[in-house]
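Whatever order the structure lists ligands and atoms in, that order sets their numbers, starting from 1.
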Amino acid sequence: MTYTCILVETVGDGPRKTGLIRLNRPKALNALCDPLMDELGEALAAFDADAGIGCIVLTGSEKAFCAGADIPSIKDLDFLSAHQGGLVSKNWEHVLKVKKPVLAAVAGYALGGGCELAMMCDTIYAAESAKFGQPEIKIGVIPGAGGTQRLPRWVGKAKAMDLLLTARMMDAQEALQAGLVARVFPTEGFLDEVLKVAELLNAQSAPALALMKEMVNQAFETPLTQGVQAERLAFHAMFGTHDQREGMTAFLEKRAPQWKHG
Ligand code: HXC
């Protein structure tokens with residue numbers, strides 16, 4: 001598959017590698033247009049289906065993770081063409097379907113749909129240069145890919161309202177304090193640090209990784225009792241895997257586990 005709006009490569013030395021996807025529309029600060037979203041969906045699905053890939057890292061450039069929806073392509077839509085044409089629903093949510101962990105690696109701007117795309121990932125790592133925001137109000141709209149729903153869940157209502165209503169940008173340290181990002185790394189060498197985290201994930205058992213991320217994401221969808229019940233069922237299901245037996249046996253034998261990823 002030849003891509004025009006993203007760059008795709010496989011990184012790492014271990015038996016399972018990292019699928020690295022870079023948004024690559026530098027002239028538009030990686031703004032999200034239909035071709036980019038279609039390509040992103042294809043690349044994510046291909047890595048998800050590849051047993052040699054442990055996890056996926058989604059990143060942009062030094063200047064911008066992504067400056068949001070491609071404004072020229074949506075500027076002239078009317079209600080019906082936006083609604084019936086499936087703006088957002090058509091091809092924006094591929095990342096939510098991925099079973100493997102998806103790590104967002106954000107340097108520079110993550111604005112509007114860019115911030116929303118990062119929040120669809122399982123966790124976000126930021127370079128010191130990162131700037132997060134939902135500036136839609138400045139162009140006369142509101143977020144359309146989860147910004148009003150996911151941002152309050154990540155950072156709480158007060159800060160989400162502040163960011164959404166004022167359109168101000170939040171730097172990496174503030175994002176760390178607010179809980180939007182897991183860790184902040186120096187801008188120089190930032191992606192290498194995230195790829196090191198990815199390597200740790202690649203060395204884990206695949207079914208445990210998949211169920212772990214599914215359960216944590218479920219915590220944002222279900223009431224506590226229901227979520228805890230789902231977790232218990234998933235935990236019990238792990239006793240049907242080779243890797244559970246191997247992991248516990250290896251611990252007791254004081255050796256490294258040999259996963260079969262099943
Ligand atoms: C298309 C964009 C773009 C965007 C930047 N560019 N953002 N093109 N869509 N969202 C283009 C500019 O037009 C410009 O092209 C080039 O990228 C560089 O941008 P500059 O503005 O010259 O750079 P700078 O001064 O450094 O400012 C960077 C910036 C600013 C702060 C990120 O570009 C900006 O505010 N962008 C818009 C951010 C935004 O409003 N995002 C939300 C979009 S709505 P030229 O050709 O002039 O050099 C959204 C809703 C999603 O995301 C909901 C789901 C559909």
Side-chain angles (χ1 to χ4, degrees), residues 3-7 21-42 44 58-98 102 104-121 124 126-155 159-175 180-181 187 190:
Y3 296 113
T4 57
C5 303
I6 58 174
L7 299 171
I21 302 174
R22 294 173 202 260
L23 307 177
N24 186 39
R25 296 186 67 217
K27 289 185 183 148
L29 301 185
N30 297 330
L32 304 172
C33 56
D34 263 347
L36 186 151
M37 295 316 261
D38 290 340
E39 290 183 8
L40 180 59
E42 290 210 22
L44 287 167
L58 178 61
T59 195
S61 66
E62 270 177 35
K63 175 154 187 193
F65 174 74
C66 169
D70 187 63
I71 296 170
S73 2
I74 60 173
K75 174 181 143 312
D76 294 324
L77 294 176
D78 58 19
F79 169 73
L80 272 189
S81 52
H83 194 58
Q84 294 184 345
L87 176 62
V88 184
S89 59
K90 183 174 56 179
N91 56 8
W92 275 62
E93 293 183 326
H94 295 296
V95 65
L96 299 177
K97 296 180 194 139
V98 177
V102 183
V106 175
Y109 298 111
L111 302 179
C115 188
E116 292 172 302
L117 180 64
M119 289 190 290
M120 286 184 214
C121 297
I124 305 173
E128 284 288 358
S129 66
K131 284 189 167 46
F132 297 88
Q134 298 286 164
E136 285 88 345
I137 198 140
K138 288 208 286 192
I139 54 169
V141 291
I142 67 168
T148 64
Q149 302 304 301
R150 290 199 179 88
L151 193 61
R153 284 166 167 83
W154 285 71
V155 307
K159 192 170 284 282
M161 275 293 186
D162 174 46
L163 290 161
L164 288 156
L165 297 179
T166 67
R168 77 175 177 88
M169 289 187 215
M170 173 163 76
D171 69 18
Q173 288 302 336
E174 186 182 353
L180 182 63
V181 308
T187 302
F190 151 73

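By the neighbour-count criterion of 12 heavy atoms within 6.0 Å, atom CD of Glu62 is sparsely surrounded, having that number or fewer from other residues, nucleotides or ligands. For Lys131, the NZ atom sits in a loose shell: 12 or fewer heavy atoms of surrounding residues, nucleotides or ligands are nearer than 6.0 Å. Heavy-atom contacts from other residues, nucleotides or ligands closer than 6.0 Å to NZ of Lys138 number 12 or fewer. Atom NZ of Lys75 has 12 or fewer heavy atoms from other residues, nucleotides or ligands within 6.0 Å.
With a 4.5 Å cut-off on side-chain heavy atoms, Glu128 and Phe190 do not count as touching. Between Met161 and Thr166, every side-chain heavy-atom pair lies at or beyond the 4.5 Å cut-off. Taking 4.5 Å as the limit, every side-chain heavy atom of Glu93 sits out of range of all side-chain heavy atoms of Lys97. Contact annotation: the side chain of Leu111 never approaches that of Cys66 to less than 4.5 Å [non-hydrogen atoms, C-beta and beyond]. A 4.5 Å side-chain heavy-atom check between Leu163 and Lys159 finds at least one atom pair inside the cut-off. By the 4.5 Å heavy-atom criterion applied to side chains, His94 and Met120 are not counted as neighbours.
Under the 4.0 Å distance rule, the nearest protein heavy atom to atom 47 (O) of ligand 1 falls outside the cut-off. For atom 23 (O) of ligand 1, a protein heavy-atom neighbour is found at a distance under 4.0 Å. Distance check on atom 17 (O) of ligand 1: some protein heavy atom falls below the 4.0 Å cut-off. Distance check for atom 35 (O) of ligand 1: every protein heavy atom is found at 4.0 Å or beyond. The nearest protein heavy atom to atom 20 (P) of ligand 1 is not closer than 4.0 Å. Distances from atom 54 (C) of ligand 1 to the protein include at least one heavy-atom value under 4.0 Å. In this structure, atom 41 (N) of ligand 1 is in close contact with the protein, since a protein heavy atom lies within 4.0 Å of it. Using a 4.0 Å threshold on non-hydrogen atoms, atom 12 (C) of ligand 1 does not count as touching the protein.
Ser129 contributes no side-chain N or O that, together with a main-chain N or O of Thr187, makes up a donor-acceptor pair within less than 3.5 Å.
Of the listed options Glu136, Lys75, Lys27, Lys27 places a heavy atom closest to atom 15 (O) of ligand 1. Distances from atom 10 (N) of ligand 1 to the heavy atoms of Ala69, Pro72, Gly108 show the closest one on Ala69.
Nearest non-hydrogen protein atom to atom 33 (O) of ligand 1 is Leu29 CD1, 3.8 Å. Looking from atom 6 (N) of ligand 1 to the surrounding protein, the closest heavy atom is Ala28 O, 3.8 Å. Looking from atom 27 (O) of ligand 1 to the surrounding protein, the closest heavy atom is Tyr109 OH, 4.4 Å.
Taking both residues in full, the closest heavy atoms of Cys115 and Gly133 are given as CB-O, 3.7 Å, listed atom of the first, atom of the second, then distance.
For the residue pair Asn30/Asn24, the side-chain donor-acceptor check at 3.5 Å is not satisfied.
The closest approach between a heavy atom of Glu116 and any atom of ligand 1 is below 4.0 Å. Within the structure, the closest approach of Lys63 to ligand 1 falls below 4.0 Å when heavy atoms are considered.
Contact atoms of ligand 1 toward Gly68: 52 (O) (distance under 4.0 Å to a heavy atom of the residue). Atoms of ligand 1 found under 4.0 Å from any heavy atom of Gly113 (numbered from 1 in listed order, with element): 49 (C), 51 (C), 52 (O). Applying the 4.0 Å criterion to heavy atoms of Pro135 picks out, from ligand 1, the atoms 39 (C), 40 (O), 41 (N). Taking a cut-off of under 4.0 Å to the non-hydrogen atoms of Asp70, the atoms of ligand 1 that pass are 1 (C), 9 (N). Those atoms of ligand 1 that come under 4.0 Å of a heavy atom in Leu111, given as number and element, are 32 (C). When each atom of ligand 1 is checked for a heavy atom of Val88 under 4.0 Å away, the hits are 54 (C), 55 (C).
The proximity of Ile139 to ligand 1, defined as any non-hydrogen pair under 4.0 Å, is limited to the side chain. At a heavy-atom distance under 4.0 Å, atoms from both the backbone and the side chain of Ile71 approach ligand 1. Contact annotation for Ala67 and ligand 1: heavy atoms of both the backbone and the side chain come within less than 4.0 Å of the ligand.
For the side chain to side chain contact (heavy atoms under 4.5 Å, CB included) with Phe65, the lone residue among Val106, Leu29, Ile124 that qualifies is Val106.
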